[in-house]
Amino acid sequence: MSGDDLNPAAVPQPVEDVHGDGRWMSQHTRFVQECKDAEPDVLFVGDSMVQLMQQFEVWRELFSPLHALNFGIGGDTTCNVLWRLQNGELENIRPKVVVLWVGTNNYEHTAEQVAGGILATAQLLTSRLPKAKIVVLGLLPRGERPNPLREKNAAVNGYLRSWLPRLGQAQYLDVSREFVHSDGTIIQQDMFDFLHLTSTGYRAMAKPLSDLLLQILEETPEERRASLV
Amino acid sequence: MSAEDPNPAATPTPCEDTQGDGRWMSLHNRFVSDSKDKEPDVLFVGDSLVQLMHQFGIWRQLFSPLHALNFGVGGDATQHVLWRLSNGELDNISPKVVVLWVGTNNHGHTAEQICGGIMAIVQVIKNKLPHARTLILGVLPRGKSPNPLRERNAKVNQLVQEAISSLPHASFLNVDPGFVHSNGSISHQDMYDYLHLTPQGYQVVCEPLHAHLKSMLDKPAEN
């Protein structure tokens with residue numbers, strides 16, 4: 001297993017406000033506030049792949065009915081997600097499942113480091129939410145044609161596949177299957193900028209995820225608490 | 001304005017592939033290729049605010065019927081759009097209107113420089129498409145609370161309006177319906193990250209834009 005203390009991808013770090021409009025902190029603050037009011041059964045955490053999902057119909061159709069909260073922030077690395085989770089975004093909530101999707105923005109880190117960062121995040125989640133199941137989504141391929149980032153993301157996924165089973169509550173889900181065509185290309189109909197998913201792209205990956213979530217939620221014994229509004 | 005200092009916002013500059021997957025150039029090449037195949041009446045050009053518009057229902061609802069093409073690239077500043085338009089994206093097409101929405105990503109540039117960048121784009125469009133009109137959309141406010149970028153963007157809008165007031169081929173449209181509330185805040189229901197529009201945000205921006213475009217298309221082109 002990777003040495004987390006030495007792994008830069010596992011060091012919690014907020015995003016610096018380089019532009020001057022404080023948007024990252026505003027979003028984090030909003031999520032912390034949402035934790036005070038909401039009682040989600042499912043929590044989505046990650047980068048823009050998570051964040052954008054909420055802007056498409058698929059969210060309302062498949063995930064809102066599961067009482068899901070979306071704590072995605074565009075551009076986030078594993079370091080940023082770790083920091084957010086340690087600084088209020090897990091307070092007062094007890095989701096049954098956490099969906100974690102992060103890693104594609106870790107440009108400064110090796111595949112092994114990125115996987116280590118994702119693992120560290122999953123470990124943090126299981127320690128703070130001992131009864132929750134953690135679903136870690138594999139990184140998607142990116143770029144119009146084969147390129148080093150595709151190889152890197154695939155390598156990250158390879159590490160996740162072998163490391164995650166050691167965390168009893170966590171499991172790995174590959175949602176990348178249909179995106180690379182036989183000629184090696186990714187089409188704009190699936191990823192409008194060869195990174196971010198279109199409505200069509202989200203539909204393709206949301207279905208297996210939604211099926212898994214329904215399965216997990218069905219298996220989880222209901223914990224009685226004050227009636228949901 | 002000093003003639004000696006080149007304006008970085010008005011200097012055509014391609015985006016460097018720092019990440020390693022060549023996505024910016026892939027998109028540019030796609031657009032050049034689209035220019036060869038398609039015959040748009042309206043061309044949208046700019047940054048992610050243009051690009052994302054294409055992803056939501058609003059595009060098919062309001063702009064596809066106008067035979068519009070979308071050449072938006074997330075992250076683009078004026079110098080990137082300037083490079084793209086100077087390197088093939090305007091070749092082989094003759095739209096009646098070019099809608100230009102760019103400027104919010106020009107970090108490190110002054111409002112004056114950003115205005116200069118926008119004006120440089122207007123000039124390139126005029127050179128390549130002498131019969132087209134350019135409709136410049138105002139840069140939107142951003143950030144949850146008042147901040148320097150809001151001031152910068154408002155100044156850009158003011159300067160651009162002044163600069164094009166004498167140009168017959170260019171006009172300006174303020175598409176901000178009032179995103180900033182009386183307490184100075186922008187809602188995440190309109191901008192999910194206080195920069196990018198939600199489908200609801202696009203609805204309030206695009207309806208007046210669509211009406212304005214239709215009236216432009218219905219009028220004969222001016223010389």
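Chain naming here is simple, since letters A, B, ... match the order of the sequence lines and numbering starts at 1 in each. Predicted model only: the values in this text are computed from it and were never measured.
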Residue pair B/Leu27 / A/Phe192, side-chain heavy-atom distance below 4.5 Å:
no
More than 12 heavy atoms of other groups within 6.0 Å of A/Gln86 CD
yes
Nearest-0.5 Å distance, CZ of residue B/Phe56 to CD of residue A/Gln55:
5.5 Å
Looking at OG of A/Ser26 and CE of B/Met191, how far apart are the two atoms once the value is rounded to the nearest 0.5 Å?
12.5 Å
Between B/Arg30 and chain A, with a heavy-atom cut-off of 4.5 Å, which part of the residue counts as in contact: side chain, backbone, both or neither?
side chain
Side chain, backbone, both or neither: which part of A/Arg150 has a heavy atom under 4.5 Å from chain B?
neither
Can you tell which part of A/Glu57 gets under 4.5 Å to a heavy atom of chain B, answering side chain, backbone, both or neither?
neither
Kindly indicate whether the side chain of A/Leu52, heavy atoms from C-beta on, has any atom under 4.5 Å from the side chain of B/Leu52.
yes
Do A/Phe56 and B/Gln55 come within less than 4.5 Å of each other through their side chains, counting heavy atoms only?
yes
Can you tell which part of B/Gln51 gets under 4.5 Å to a heavy atom of chain A, answering side chain, backbone, both or neither?
side chain
Taking the six-membered ring for Trp, are B/His107 and A/His19 parallel (under 30°), tilted (30 to 60°) or perpendicular (over 60°)?
parallel
A/Phe194 versus chain B, heavy atoms under 4.5 Å apart: side chain, backbone, both or neither?
both
Non-hydrogen atoms of chain B under 4.5 Å away: do they reach the side chain of A/Gln54, the backbone, both or neither?
neither
Counting only heavy atoms not in B/Gln61, do more than 12 fall under 6.0 Å of its CD?
yes
Hey, could you give me the CG/CZ distance between A/Leu195 and B/Arg23, rounded to the nearest 0.5 Å?
4.5 Å
Where is the tightest heavy-atom contact between B/Pro148 and A/Gly20, given as atom of each residue plus distance?
CD-O, 3.6 Å
State, to 0.1 Å, how close B/Gly20 and A/Pro148 come at their nearest heavy-atom pair, and which atoms those are.
O-CD, 3.6 Å
Looking at B/Gly143, B/Ser145, B/Gly22, which one has more heavy-atom pairs under 4.5 Å with chain A than the rest?
B/Gly143
Take a 6.0 Å sphere around NZ of A/Lys152 and say whether it holds more than 12 heavy atoms from other residues, nucleotides or ligands.
yes
Output for pair (A/Arg30 CZ, B/Tyr194 OH), nearest 0.5 Å, gives 4.0 Å
Reported CG-to-CD distance for the pair A/Asn105 and B/Gln19, which is rounded to 0.5 angstrom:
7.5 Å
Just verifying a value: how many Å separate A/Thr104 OG1 and B/Asp21 CG, rounded to the nearest 0.5 Å?
8.0 Å
